Amino acid sequence: MSTEIQNYISDFDQLKNDDWFAESRQSALNIFKETGFPNSRLENWKYTDVRPIKKKSFSNVTEATVSISIEEINAIRFDGLDCIEVVFINGVFSKEHTRLDGLEKGLDVENMLDALANDKDLLAKHLTKYADDKISPFTALNTAFIQNGTLINVSANTVIEKPIHILYLSKDSNSALATHPRNLIVMGENSEATVIESYIGLDDANYFTNAVTEVALSTSAILKHYKIQQESLNAYHIGNLNVMQGKNSKLESHSISLGGALVRNDIHGQLAAEGAEIIMNGLYMTGDKQHVDNHTRVDHLKPLTLSTENYRGVLNGKSRAVFNGKVIVHKDAQKIEAHQNNANLLLSDDAEIDTKPELEIYADDVKCTHGATVGQLDQNMLFYLRSRAIDEETARSLLTYAFADELISNISFAPIRNRLERLVIGQLPDAALIREFTNE
Amino acid sequence: MLNIQNLHAKIGNKEILKGLNLSVNAGEVHAIMGPNGSGKSTLANVLAGRNGYDVTKGTVEYEGNNLLELAPEERAWAGVFLAFQYPVEIPGVNNVYLLKAAVNAVRKYRGEPELDAVEFLGLIKEKMKIVKMKEDLLNRSVNEGFSGGEKKRNEIFQMSVLEPKLAILDETDSGLDIDALKIVSEGVNSLRNEERSIILVTHYQRLLDYIKPDHVHVLSNGKIIKSGGPDLALELEEKGYDWIKEEAA
């Protein structure tokens, strides 16, 4: 056994692990013990070196040791958005800041610890069923440490109007922490909901977030899922979203990655019944020496399923991004449609992108497209703007914004869209220059 | 207003303009005609400051200053406007916001107070009528999804809002049906005045039926080989370009 995982094993031994889920945690730990951290010889980890995570001896003992003021929380809330909020501070459920009052009928939102105690049947049916411990060592590690996290259970024929916002906040504490948030979203037939997962670093602490979200969509369920990653620039973030989709169900995923020193986002969608549709939109904006890796995989398991993926990156400084989008069309999954696109804007000579669309098709009547572009700002657009009296710096900043905003502007929910637009503008090199071009 | 002397310009190693002379006074409309590949668009682009053209010889004086030293935006601030042959689509950049920023950049340069939202809206409402610009186009991204005619109309609309001193219209008539051509021409005519100079770059005489030029020049092989009045355009329409080339040879 390598010494790098020693701290995880000793922390595991200190974990309270005497409930019905104990065996699952133990077997997940065993898998992690066996595989250890992934190395770059694995195809799936070829471009992302997790040694910084490996080398650091993070503490997995989650205690509520820091408090966060209401002002700090208010600053990151969605302005004027009436929503359900579940707040975690350094991985620990914050009863103080969570707002679960007046839950609509047919909706259950709970801390995972409570759910483990109260909803054994539901969890036994779904938890660990969609995220495979054997595929990612990080998922196995997360499963071994399942304590805090969020359960969202939406009953059949229920439309939840209020978005559910889950905030994982991190702040410097005595020891460098590893947290393993685990979310489970179960949507009954014909149900609809919007879930936002925010991962936010409130200072420049060095910590490691290892999150896993599992989603089960029954027939005709619709989930709009937003993930906003704004970890500290010294933090490591590994996030897995795993979705199992029933007939005519629809998942709309928006993944916005702005923070983190080393970030890996995985999405795995399984279109397991006819008519299931997944939409994956992603935006990553990187600078300095950030490393952000987005891996997605869609399995078209049944005929007449649809997937659309559109990821965009804006890279500055010496940052590096990876995009890998895999689409697998299984045997007999006829008449499916899969479209994928990844476009990248490199703002500096030292930034680097590795982009790879992958298609594996074992059916013969399918419609698939994919494309990837890497480039600088369009010279024709730049000249056009300058010829219209816009100075060069402003024109560059404006075109960068427009490139990123294409992914944000079609978000239907205005408070989320406005918030994200502000975040995107905040990431631009010359944000002040383009104020008059935005809705600010 | 504009004085071009012995202008030589090349793209890469290819010399396109080979000693062009042209003088435009305030209030004049000049038509530059010529066959494909004669250098018409190169002239328009060099005047507007597009990258990729090397001026190897000659001078361009605009209002007494060296135009070639200025960045494209500085030329725009100073009142130069290019109506593009192929207006560029810019997804994500709103037409109105761009125009407001453009107007205020020019006003700032001139030392005039910037227009606020209300004043600006008043201005564009008035100008929209000139080219019969549809309001819903205004609030879209710049030229995105516009038809060919709408794009050209948008160019003239921008020109009317920016009120340039020197407007260069690069093949504005190309791709327009007769109705659109009339609307665009009316727009241009309404902008004619004693202070504003206009250079029409065109392949066909057709545009000149609607916009009467004061002077017509024939550009061939990078040089102006013949200049005359409006009648020259008619003669070209009738006889083509070959006779002038022979005459000039």
Side-chain angles (χ1 to χ4, degrees), chain A residues 281 283 285 310 312-314 341 343-345 373 375-411 417-418 420-425 427-428 430-440, chain B residues 44-45 47-53 70-110 114-117 120 141-144 151 154-155 158-159 161-162 164 167-168 170:
Chain A
N281 289 325
L283 174 66
M285 295 179 81
N310 196 359
R312 289 199 160 193
V314 178
N341 192 272
N344 297 282
L345 196 52
T373 58
Q376 276 83 36
L377 293 171
D378 184 296
Q379 289 301 315
N380 285 325
M381 292 185 191
L382 207 52
F383 176 60
Y384 190 84
L385 291 175
R386 295 178 71 189
S387 79
R388 296 302 177 257
I390 308 302
D391 67 85
E392 185 176 4
E393 255 183 295
T394 305
R396 285 184 178 279
S397 194
L398 182 58
L399 289 176
T400 307
Y401 169 71
F403 176 84
D405 191 52
E406 265 206 80
L407 272 179
I408 308 290
S409 60
N410 57 15
I411 289 174
R417 185 180 63 239
N418 294 341
L420 290 175
E421 280 184 339
R422 274 206 302 281
L423 288 178
V424 166
I425 292 167
Q427 295 281 314
L428 294 174
D430 301 297
L433 295 174
I434 63 158
R435 204 169 289 137
E436 57 189 322
F437 291 95
T438 60
N439 295 315
E440 289 293 285
Chain B
N45 284 320
L47 293 179
R50 187 192 281 268
N51 276 345
Y53 298 87
L70 303 180
E73 58 269 34
E74 293 173 317
R75 300 181 197 201
W77 299 339
V80 176
F81 180 90
L82 171 67
F84 282 56
Q85 181 179 6
Y86 304 108
V88 182
E89 295 194 17
I90 312 182
V93 176
N94 178 288
N95 244 323
V96 176
Y97 291 173
L98 170 60
L99 213 45
K100 181 161 179 270
V103 166
N104 281 334
V106 172
R107 291 180 71 91
K108 201 170 147 191
Y109 176 83
R110 291 180 186 159
E114 295 189 14
L115 297 183
D116 65 24
F120 176 72
S141 291
V142 176
N143 292 321
E144 193 186 26
K151 283 181 185 168
N154 195 26
E155 294 294 287
Q158 292 179 353
M159 172 179 157
V161 173
L162 289 171
I168 304 147
D170 189 8

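Proteins come first, then strands; the chains are lettered A, B, ... in the order of their sequence lines, and each starts at number 1. This structure is a prediction, so every number in the text was calculated from the model and none was measured.
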Worksheet item: Hey, are B/Glu74 and A/Arg386 close enough for a salt bridge, meaning a charged N less than 4.0 Å from a carboxylate O?
Response: no
Worksheet entry | Residue A/Ile434 versus chain B: region with a heavy atom under 4.5 Å | neither
Worksheet, complete the sentence: With chain A, the option among B/Ala78, B/Gly52, B/Ala76, B/Ser141 that has the most non-hydrogen atom pairs under 4.5 Å is B/Ala76
Item to complete: Name the region of B/Leu82, side chain, backbone, both or neither, that has any atom closer than 4.5 Å to a heavy atom of chain A.
Response: both
Discussion item. Report which part of A/Ser409 has an atom under 4.5 Å of a heavy atom belonging to chain B: side chain, backbone, both, or neither.
Written reply: neither
Worksheet item: Taking B/Ala71, B/Pro87, B/Ala102 one by one, which has the highest count of heavy-atom pairs under 4.5 Å against chain A?
Response: B/Ala102
Worksheet item: Checking B/Val142 against chain A: side chain, backbone, both or neither under 4.5 Å from a heavy atom?
Response: side chain
Worksheet item: When you check the gap from the basic side-chain N to the acidic O, do A/Glu392 and A/Arg396 get nearer than 4.0 Å?
Response: yes
Discussion item. Under 4.5 Å from any heavy atom of chain B, what part of A/Gln379 do you find: side chain, backbone, both or neither?
Written reply: side chain
Worksheet item: If you count heavy-atom pairs under 4.5 Å with chain A, which of B/Asn94, B/Asn51, B/Leu98 comes out on top?
Response: B/Leu98
Fill in: Min side-chain heavy-atom separation B/Gln158-B/Phe81 under 4.5 Å
yes
Practice prompt. Determine whether B/Asn143 and A/Tyr384 make a side-chain contact, defined as any pair of heavy atoms from C-beta on separated by less than 4.5 Å.
Written response: yes
Worksheet item: Counting only N and O atoms by type, is there a donor-acceptor contact under 3.5 Å from the side chain of A/Arg417 to the main-chain atoms of A/Ile411?
Response: yes
